[in-house]
Amino acid sequence: MKALAKSKPEIGLWMEHRPVPEIGPDDVLIRIRKTGICGTDIHIWNWDDWAAKTVPVGLVTGHEFAGEIVEIGRNVEGLTIGQRCSGEGHLIGKQSRQSRAGKFHLDPATRGIGVNEQGAFAEYLRLPAFNVVPLPDEIDDEIGAILDPLGNAVHTALSFDLVGEDVLITGAGPIGIMAAAVARHVGARHVVITDVNQDRLDLAAQVTDVVPVNVAKQDLREVEGVLKMKEGFDVGMEMSGNQVALDQMVENLVMGGRIAMLGIPPGKSPVDWSRIVFKAITIKGVYGREIFETWYKMIAMLENGLDVRRVITHRFRVEDFRDGFEVMRSGKSGKVVLDWG
Ligand code: NAD
Ligand code: ZN
């Protein structure tokens, strides 16, 4: 089969021929139709320090996918050949305290497809049946291929009650933009999204009803004045990984504000802890998706009017994967989807 692999410890990915994976009794084999390119795949492409430390050379990459079940292990029940699906890319252990409490997303032994284990940038993917999420007819393959990052957005956005609240999202990457759409969908009052990249802010305004603010040019306080907000934002979602953005968020929250933090700061970031203490701010770290609660809520919202399709700005045939990675690396795209035919 065709697969995009990290064949060499240098910049790039390479299209290779690999054997179709053999499945075990508890697995299924999925014929991949569409895949999304993630920021994580860009780290792997660039072979930065994190990627070099984490990803084994030779690995088939990719973790955002939609496809069709073509083979089923003998122990598997409840799935059928031909069923369309996406799936949770975090492979979890079942022995830890948290897993045994049903909190699968907190299992410390989690391994990721396309990062630690063979991934989805391939014609066929082996996945434990446990991880499969069937897709209803209302969700087509290209939306199916971005459910992983939409799940990050949903997990973050549903961390705190947003009904009637003023929400600040820092970072208008694909996940920040989708989080804005979710915040609107569930009934936030004002949703303000910041970035320093005007293309991304323009895209955010096309995808959903948000107030985009270019913090390189505009003062967030002025925007609060225009929106007649008196004391600051109730809830923040940090989606940039940028220290400056986190500081700005802390400064612009109400007393007792809440922050859900998905963005990954590089290394140990200095934080003004006294501001966090005296403003009585709650910070929640958000990792992955709440398996499978996030998947359930995400699919329910998509079936009931949540629309994130415009966050997909580019579509390429997998043969043209280099163009797809190029546009992602330029910062001038939203989600980029590869078509495996
Ligand atoms: P992205 O890199 O596409 O988007 C980040 C955006 O932040 C960019 O548009 C960038 O211009 C913007 N930005 C930079 N400096 C800023 C500033 N000072 N103020 C406001 N915005 C600023 O990332 P993404 O794919 O949308 O993911 C969002 C974040 O979530 C990333 O940090 C990513 O690493 C992280 N992530 C975390 C998890 C998790 O499980 N915790 C999962 C996926 C992604
Ligand atoms: Zn991803």
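Computed from heavy atoms alone, side chains included, the values below leave out hydrogens, waters and symmetry copies. For ligands, and for the atoms within them, numbers begin at 1 and follow the listed sequence.
- In this structure, Phe292 has its ring center under 6.0 Å from that of Phe130.
- Glu238 places a side-chain N or O within donor-acceptor distance of the main-chain N or O of Ser240, the cut-off being under 3.5 Å.
- For Asp49, the CG atom is loosely surrounded, since the number of other residues' heavy atoms within 6.0 Å does not exceed 12.
- Checking only distances, Gly39 never comes within under 3.5 Å of ligand 1, N or O to N or O.
- Heavy atoms from other residues, nucleotides or ligands lying under 6.0 Å from CD of Gln95 number 12 at most.
- Taking hydrophobic clusters as Ile, Leu, Val, Met, Phe, Trp and Tyr residues chained together by side-chain heavy-atom distances below 4.5 Å, Phe65 does not share a cluster with Val308.
- Under a 4.0 Å criterion applied to the non-hydrogen atoms of Met239, ligand 1 contributes the atoms 5 (C), 28 (C), 29 (C).
- Hydrophobic cluster membership for Met229: Leu168, Val192, Val196, Val211, Val213, Val215, Leu220, Val223, Leu227, Phe233, Leu246, Met249, Val250, Leu253, Ile259, Met261, Val271, Trp273, Ile276, Ile281, Ile283 (Ile, Leu, Val, Met, Phe, Trp, Tyr linked by side-chain heavy atoms under 4.5 Å, directly or transitively).
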### Task
Using the side chain to side chain donor-acceptor pair (under 3.5 Å) rule, take Ser7 and Glu16 through it: C-alpha gap first, then chi angles, then the decisive distance, then the call.
CA-CA 9 Å; Ser7 313; Glu16 290 197 355; 2.4 Å; yes
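- For ligand 1, the atoms sitting less than 4.0 Å from at least one non-hydrogen atom of Gly173 are 3 (O), 4 (O), 6 (C), 9 (O), 26 (O), numbered in the order shown with element in parentheses.
- Rounding to the nearest 0.5 Å gives a distance of 9.5 Å between CE of Met1 and OH of Tyr124.
- In this structure, Phe325 and Trp45 have parallel ring planes: the angle between them is below the 30° cut-off, well short of the 60° mark.
- Closest to atom 35 (C) of ligand 1, if we only count protein heavy atoms, is Leu262 O, 3.6 Å.
- Within the listing of ligand 1, atoms 39 (C), 40 (O) sit less than 4.0 angstrom from a heavy atom of Gly288.
- In terms of modelled atom types and a separation under 3.5 Å, the side chain of Asp202 and the main chain of Asp199 share no donor-acceptor contact.
- Heavy-atom contacts of Thr194 reach the following atoms of ligand 1: 20 (C), 21 (N) (cutoff under 4.0 Å).
- Taking any N or O of Ile264, backbone or side chain, at least one lies under 3.5 Å from an N or O belonging to ligand 1.
- The number of heavy atoms from other shown groups lying within 6.0 Å of NZ (Lys332) does not exceed 12.
- Looking from atom 26 (O) of ligand 1 to the surrounding protein, the closest heavy atom is Ile175 N, 3.1 Å.
- Polar contact with ligand 1: absent for Val244 (N/O pair, distance under 3.5 Å).
- At a threshold of 4.0 Å, the pair Arg317-Asp339 does not count as salt-bridged, since none of the basic side-chain nitrogens sits closer than that to a carboxylate oxygen.
- Hydrophobic clustering, with ILVMFWY side chains joined whenever heavy atoms are under 4.5 angstrom apart, keeps Tyr287 apart from Ile92.
- Close approach of ligand 1 to Pro174 is summarised as follows: ligand atoms under 4.0 Å from at least one heavy atom of the residue are 3 (O), 26 (O).
- Considering backbone and side-chain N/O atoms, Ala172 never comes within less than 3.5 Å of an N/O atom of ligand 1.
- Nearest protein neighbour of atom 17 (C) of ligand 1, counting heavy atoms only, is Ala245 CB, 3.9 Å.
- Between Val154 and Met298, the shortest heavy-atom distance links the atoms CG2-CB, 4.2 Å.
- No N or O atom of Asn197 sits closer than 3.5 Å to an N or O atom of ligand 1.
- Ranking the protein heavy atoms by distance from atom 43 (C) of ligand 1 puts Asn152 OD1, 3.4 Å first.
- Protein-derived N/O/S atoms nearer than 2.8 Å to the Zn ion (ligand 2) total 3, waters excluded.
- Sparse packing is recorded around CD of Glu22, with 12 or fewer heavy atoms of other residues, nucleotides or ligands lying under 6.0 Å away.
- Using a 4.5 Å heavy-atom threshold, the side chains of Leu147 and Leu302 count as touching.
- Distance screen at 4.0 Å: atom 37 (C) of ligand 1 has a protein heavy-atom neighbour inside the cut-off.
- Annotation: Asn242 places an N or O atom under 3.5 Å from an N or O atom of ligand 1; distance criterion only.
- Distance check for atom 23 (O) of ligand 1: every protein heavy atom is found at 4.0 Å or beyond.
- Contacts between Val286 and ligand 1 below 4.0 angstrom, taking non-hydrogen atoms only, involve the backbone exclusively.
- Note that atom 2 (O) of ligand 1 has no protein non-hydrogen atoms nearby, at separations under 4.0 angstrom.
- Within 6.0 Å of CZ in Arg329 there are more than 12 heavy atoms belonging to other residues, nucleotides or ligands.
- Remark: minimum distance from atom 7 (O) of ligand 1 to any protein heavy atom is reached at Ser240 CB, 3.3 Å.
- Within ligand 1, counting atoms from 1 as listed, the ones closer than 4.0 Å to a heavy atom of Gly263 are 29 (C), 30 (O), 32 (O), 35 (C).
- When non-hydrogen atoms are compared, ligand 1 lies under 4.0 Å from the backbone of Asp195 as well as from its side chain.
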